[in-house]
2 protein chains.
Amino acid sequence: MILEKKRLFDAYAAKQGLRSTRQRDVILDIFLSTHEHLSVEELYLKVKASHPGIGQATVYRTLKLFVDAGLAREMTLPGGQTRYEHQLAGEHHDHLICTRCNRIVEFEDATIERLQHEIAQRHGFRLTGHKMQLCGICPACSAAEIQ
Amino acid sequence: MILEKKRLFDAYAAKQGLRSTRQRDVILDIFLSTHEHLSVEELYLKVKASHPGIGQATVYRTLKLFVDAGLAREMTLPGGQTRYEHQLAGEHHDHLICTRCNRIVEFEDATIERLQHEIAQRHGFRLTGHKMQLCGICPACSAAEIQ
DNA sequence: CAAACAAATGAAAATCATTTTCAGGACCGC
DNA sequence: GCGGTCCTGAAAATGATTTTCATTTGTTTG
Ligand SMILES: [Zn+2]
Ligand SMILES: [Zn+2]
Ligand SMILES: [Zn+2]
Ligand SMILES: [Zn+2]
């Protein structure tokens with residue numbers, strides 16, 4: 001899984017004629033070691049902890065490479081926050097987001113995906129992607145509310 | 001329709017103890033006279049054209065009031081652009097967006113809406129809203145592509 | 001292995017959308 | 001009309017991201 005993504009990035013780098021650098025290796029390793037939906041700042045802090053020399057511009061630049069390489073996905077939360085998560089070709093999920101505590105839960109629904117394609121088709125659109133975020137209050141926050 | 005929204009804003013203003021100002025009247029009139037999904041900048045330019053004195057901070061502040069009053073809805077396009085559109089309680093639609101020419105087409109799908117609620121329920125979330133944007137290439141752009 | 005060139009990096013500056021600040025102006029109840 | 005607020009516009013501040021540019025680092029070549 002992790003190896004697969006490293007290979008994916010190597011393949012992309014080769015195809016694009018990118019150089020192999022210590023910084024990209026480090027950022028990729030740390031990104032792949034996480035399991036969350038990370039903000040650039042969060043990833044930058046993790047990187048800086050073990051490699052203080054790496055600047056945040058490099059983290060920004062490198063995350064965009066990961067997206068282009070197909071191993072990461074960029075998502076914009078309600079409120080405008082940008083976050084990055086792992087992604088593999090063929091895999092797909094959408095998000096339930098708690099507007100109180102910002103917890104993110106992933107889900108998949110084949111029926112919705114199919115309906116989305118039908119809608120696009122009905123309007124003559126060739127669908128290339130979609131964003132779906134369900135916003136609400138998570139069980140924990142609901143419970144805390146009642147006390 | 002337009003009157004209804006004006007009344008909605010008046011009611012909201014009364015409830016919140018907001019004052020009635022020339023600027024808010026102007027911005028509301030111009031906002032209601034449009035039928036697009038407007039950026040703040042676009043609305044500001046329209047406003048400035050007939051009322052050069054009105055500043056953009058006021059446009060920003062006033063659009064947020066419209067959202068709170070329930071007559072406008074804020075949407076974030078892929079790429080991070082924020083836009084505002086008309087909204088009435090009970091009405092709801094989602095968007096098909098052409099990633100080539102930025103055309104926006106609205107649609108409604110009751111089945112998807114129902115499934116979204118079921119998904120939320122299954123995860124214990126109390127759903128308060130959602131964003132769904134289908135991204136693709138519109139018929140016009142597809143046609144232009146082939147030539 | 002070195003030289004040579006280009007790409008990548010880090011720090012700082014620039015950008016861009018949005019928010020805040022604040023001094024003056026405009027509502028509204030009296 | 002008066003006075004206390006709320007509202008406004010201009011400008012400054014903010015925050016996230018991008019760009020710039022001098023320097024460092026890969027890579028290729030001889
Ligand atoms: Zn929560
Ligand atoms: Zn996810
Ligand atoms: Zn198009
Ligand atoms: Zn719309």
Side-chain angles (χ1 to χ4, degrees), chain A residues 9-31 37-69 72-84 102, chain B residues 9-31 37-69 72-84 102:
Chain A
F9 184 66
D10 287 346
Y12 173 79
K15 196 180 56 174
Q16 301 291 310
L18 302 181
R19 289 179 178 175
S20 145
T21 71
R22 190 182 52 86
Q23 288 89 335
R24 285 176 185 159
D25 286 348
V26 168
I27 296 171
L28 180 54
D29 277 340
I30 295 181
F31 176 66
H37 302 80
L38 291 167
S39 68
V40 182
E41 180 68 12
E42 284 165 357
L43 183 58
Y44 168 59
L45 290 177
K46 276 179 193 285
V47 166
K48 199 169 65 165
S50 53
H51 297 76
I54 297 181
Q56 48 181 343
T58 302
V59 177
Y60 271 97
R61 290 186 275 234
T62 306
L63 276 172
K64 295 213 175 295
L65 291 181
F66 293 170
V67 172
D68 290 343
R73 176 179 168 205
E74 187 181 305
M75 60 186 282
T76 307
L77 266 55
Q81 260 210 338
T82 303
R83 294 185 164 264
Y84 290 85
N102 297 312
Chain B
F9 184 65
D10 287 346
Y12 173 79
K15 196 180 58 170
Q16 302 290 312
L18 301 180
R19 288 179 178 173
S20 145
T21 71
R22 189 182 53 87
Q23 287 89 335
R24 285 174 186 162
D25 286 350
V26 167
I27 296 171
L28 181 53
D29 277 339
I30 296 180
F31 177 66
H37 302 81
L38 291 167
S39 68
V40 181
E41 181 68 12
E42 285 165 357
L43 183 58
Y44 169 59
L45 289 177
K46 276 180 193 285
V47 166
K48 199 168 67 166
S50 52
H51 297 76
I54 296 181
Q56 51 179 342
T58 302
V59 177
Y60 272 97
R61 289 187 275 235
T62 305
L63 276 172
K64 293 211 176 296
L65 291 181
F66 293 170
V67 172
D68 290 343
R73 176 178 167 206
E74 188 181 305
M75 60 185 283
T76 307
L77 265 57
Q81 261 210 337
T82 302
R83 295 186 162 264
Y84 290 85
N102 297 312

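Residue numbering restarts at 1 for every chain, and letters A, B, ... go by the order of the sequence lines.
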- request: Starting from C1' on D:dC6, measure out to CG on B:L65 and report it in whole angstrom.
  value: 12 Å
- prompt: Whole Å only: how far is the CD1 atom of A:I54 from the P atom of C:dA11?
  reply: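 Roughly 11 Å, once rounded to whole Å.
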task: Only pairs at least two apart or in different chains count here, so list each side chain to side chain donor-acceptor pair (under 3.5 Å) that has a residue in residues 19-30 of chain B.
output: B:K6-B:D29
- prompt: Do any pairs count as a side chain to side chain donor-acceptor pair (under 3.5 Å) and have a residue in residues 38-55 of chain A, sequence neighbours left out, and if so which ones?
  reply: A:E42-A:R83
What's touching nucleotides 18-20 of chain D from the protein side, N or O pairs under 3.5 Å?
{"unit_1": "D:dT20", "atom_1": "O4", "unit_2": "A:R61", "atom_2": "NH1", "d": "3.4"}

[X] [atom1] to [Y] [atom2] distance, which is reported to the nearest 0.5 Å:
X	Y	atom1	atom2	value
A:H37	A:N102	NE2	CG	12.5 Å
A:L28	A:T62	CG	OG1	9.5 Å
A:L63	A:T58	CG	OG1	11.0 Å
B:D68	B:Y12	CG	OH	4.0 Å
B:I54	B:I30	CD1	CD1	7.0 Å

Set of residues satisfying ring-ring contact (aromatic ring centres under 6.0 Å, His included) with respect to A:F31, sequence neighbours excluded: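 Residues passing ring-ring contact (aromatic ring centres under 6.0 Å, His included) with A:F31: A:F66, A:H86.
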- request: For B:Y60, check side-chain contact (heavy atoms from CB on, under 4.5 Å) against everything at least two apart and list the hits.
  value: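 Scan of B:Y60 (side-chain contact (heavy atoms from CB on, under 4.5 Å), adjacent residues dropped) gives B:V40, B:Q56.
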field: Contact list for DNA chain D against residues 11-25 of chain B - heavy-atom distance below 4.0 Å
entry: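 Nucleic-acid contacts, sorted: B:L18, B:R19, B:T21, B:Q23, B:R24.
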query: Hey, can you pull the residues of residues 41-53 of chain B with a non-hydrogen atom under 4.0 angstrom from DNA chain D?
result: B:G53
message: Under the rule for side-chain hydrogen bond (donor to acceptor under 3.5 Å, both in side chains), what residues qualify as partners of A:E74, not counting sequence neighbours?
response: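 A:E74 satisfies side-chain hydrogen bond (donor to acceptor under 3.5 Å, both in side chains) with A:Y84 only.
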- prompt: the helix from C:dC1-D:dG30 to C:dC30-D:dG1: angle between its terminal axes, five pairs each, to 10°?
  reply: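 One end axis against the other gives 30°.
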- request: Answer yes or no: does a side-chain N or O of A:T82 lie under 4.0 Å from OP1 or OP2 of D:dT17?
  value: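 For A:T82, the contact criterion (side-chain N or O under 4.0 Å from OP1 or OP2 of D:dT17) is met.
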